[in-house]
Amino acid sequence: MSVGVWWASLRDARAAAPLTALLDPVEHARHEAIARADDRGRFLLGCALSRIALGELLGVSPAEVPLRRVCPRCGGPHGKPRLAVPHGSPFADVDFSVTHSGDVVGVAVARGANVGLDVEESGSGAALDVDTVAPVALTDAEIAALNAHPPAERASAFLRMWTRKEAVLKALGVGLTVPLRRLEVSVPPLPPKVMSWPDRRTAPRALAMADVDVVTGSRHLPATATLAATGTTALRLHHHDGTAALTAHTTSAPPP
């Protein structure tokens, strides 16, 4: 299974004026309603990066990419973004996932699989109180394995397990409606794998996972990320320079 991954950083939001032209009316309304500038920047980058990646796949301009955001519980326009194409469309099997944490924004795009991408900025790991958060997110077996790590390595190991769990739940489309403690994953340095499902009856027939390098251009961003995809047992990751893609769009966009 081939999955494309794009990364960018919040400073790429400096090109805000050209990027806002990519948003549809629903995205514009959400963007304007966000109070904090950094949160607006993350939302804008997620939308723009998704549209640029999907537009390249569909062969249309980023602003023309048809997206819908419908909450499955209330029907509001704040659900997971999906490609709005008819069932018979050659692109009906396209799925994508958007993630952000701190200064980092990422997008993953796949065909023929449901994909989930999660990132956590590692810079925050130094101040992370692992002893407090681990019992909320980890199973007893995971906590025991985590505590076997040297104290200096526990924060980074915890973030790795967190992103593994979140990526799986995003790929399944359930988000945090499933408590993290009910999903057990492998502990670093072991490769990513689901060890125990909350309900075996609803587990996917196949699922592949990969820990992902967070790189844009020649820069390694200080973050931990994991990708998961259903319907496959192997992943081939194709890394794209999200910053370069945003810059190329900004420089080619007509003046407002």
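For the numbers below, each heavy atom of this structure counts, side chains included, while hydrogens, waters and symmetry mates do not.
Side chain of E27 to backbone of D24: a donor-acceptor contact under 3.5 angstrom is found. Side-chain N or O atoms of S9 include none that pairs as donor or acceptor with a backbone N or O of V104 at under 3.5 Å. Looking at S196, its side chain never comes within 3.5 Å of a backbone N or O of E184 through a donor-acceptor pair. Judged by distance alone, with hydrogens and angles left aside, the side-chain atoms of K165 form a donor-acceptor pair with the main-chain N or O of L183 at under 3.5 Å. Between the side chain of H239 and the backbone N or O of V214 there is no donor-acceptor pair closer than 3.5 Å. In this structure a side-chain-to-backbone donor-acceptor pair under 3.5 Å is missing from R69 to V26. Looking only at distances, no side-chain donor or acceptor of S97 sits under 3.5 Å from a matching main-chain atom of A108. A donor-acceptor contact shorter than 3.5 Å is absent between the side chain of R236 and the backbone of V3. Of the possible polar contacts, none joining the D213 side chain to the V215 backbone as a donor-acceptor pair under 3.5 Å is found. Not a single donor-acceptor pair under 3.5 Å links the side chain of H249 to the backbone N or O of A245.
One side chain, S61 or E64, offers a donor N or O that lies under 3.5 Å from an acceptor on the other. Between the side chains of S2 and H238, at least one donor-acceptor pair of N or O atoms lies under 3.5 Å. Side chain to side chain, T163 and T224 fail the donor-acceptor criterion of an N or O pair below 3.5 Å. D241 and T216 share a donor-acceptor pair across their side chains, judged by distance under 3.5 Å alone.
Annotation: the span from E142 atom CD to M195 atom CE amounts to 9.5 Å, rounded to 0.5 Å. How far CG of L57 is from CD1 of I52: 14.0 Å, rounded to the nearest 0.5 Å. With values rounded to the nearest 0.5 angstrom, E120 atom CD is found 13.0 Å from S156 atom OG. To the nearest 0.5 angstrom, L19 atom CG is 10.0 Å from C47 atom SG. In this structure, CZ in R82 is found 13.0 Å from OG in S50, a value given to the nearest 0.5 Å. Considering CG of L128 and CZ of F158, their distance stands at 6.0 Å, rounded to 0.5 Å.
Using a cutoff of 4.0 Å between basic side-chain nitrogens and carboxylate oxygens, R51 and E56 are not scored as salt-bridged. Salt-bridge formation is detected for the pair D140/R181: a Lys NZ or Arg NE/NH1/NH2 atom is positioned less than 4.0 Å from an Asp or Glu carboxylate oxygen. Here R164 pairs with D211 in a salt bridge; the nearest charged N to carboxylate O distance falls below 4.0 Å. Residues R11 and D103 are not paired through a salt bridge, judged by the lack of any N-O separation under 4.0 Å between the basic side chain and the carboxylate. Electrostatic pairing of D95 and K80 counts as a salt bridge here, judged by a charged N lying under 4.0 Å from a carboxylate O.
Residues L22 and V94 fall within the same hydrophobic cluster, defined by Ile, Leu, Val, Met, Phe, Trp and Tyr side chains chained together at heavy-atom separations under 4.5 Å. V98 and L237 fall into different hydrophobic clusters, where Ile, Leu, Val, Met, Phe, Trp and Tyr residues are linked whenever their side-chain heavy atoms come under 4.5 Å apart, directly or through other members. Clustering ILVMFWY residues whenever any of their side-chain heavy atoms sit less than 4.5 angstrom apart, transitively, puts L23 in the very cluster that holds L10. Hydrophobic cluster membership is shared by L49 and V109, with clusters built from Ile, Leu, Val, Met, Phe, Trp and Tyr side chains linked at under 4.5 angstrom. W6 and L117 fall into different hydrophobic clusters, defined by Ile, Leu, Val, Met, Phe, Trp and Tyr side-chain heavy atoms under 4.5 Å apart, directly or through other members.
At a threshold of 4.5 Å between non-hydrogen side-chain atoms, the residues L54 and L67 count as touching. A 4.5 Å side-chain heavy-atom check between L172 and T230 finds at least one atom pair inside the cut-off. Within the 4.5 Å cutoff, the side chain of M161 has heavy atoms near those of the L146 side chain. The shortest side-chain heavy-atom distance between W197 and P204 falls under the 4.5 Å cut-off. Side-chain atoms of P179 and V136, non-hydrogen and from C-beta on, never get closer than 4.5 Å to each other. Side-chain atoms of V194 and M209, non-hydrogen and from C-beta on, do get closer than 4.5 Å to each other. Here the side chains of L180 and L169 are in contact, with some heavy-atom distance below 4.5 Å. Using a 4.5 Å heavy-atom threshold, the side chains of W7 and V105 count as separate.
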TODO: Check the pair V212 / L227 against side chain to side chain contact (heavy atoms under 4.5 Å, CB included), numbers first and verdict last.
DONE: CA-CA 7 Å; V212 184; L227 185 137; 3.7 Å; yes
Open item on the list: Please determine whether side chain to side chain contact (heavy atoms under 4.5 Å, CB included) holds for the pair R219 and T243, giving the CA-CA distance in whole Å, both sets of side-chain angles, and the decisive distance to 0.1 Å.
Closed with: CA-CA 10 Å; R219 290 187 299 136; T243 296; 4.1 Å; yes
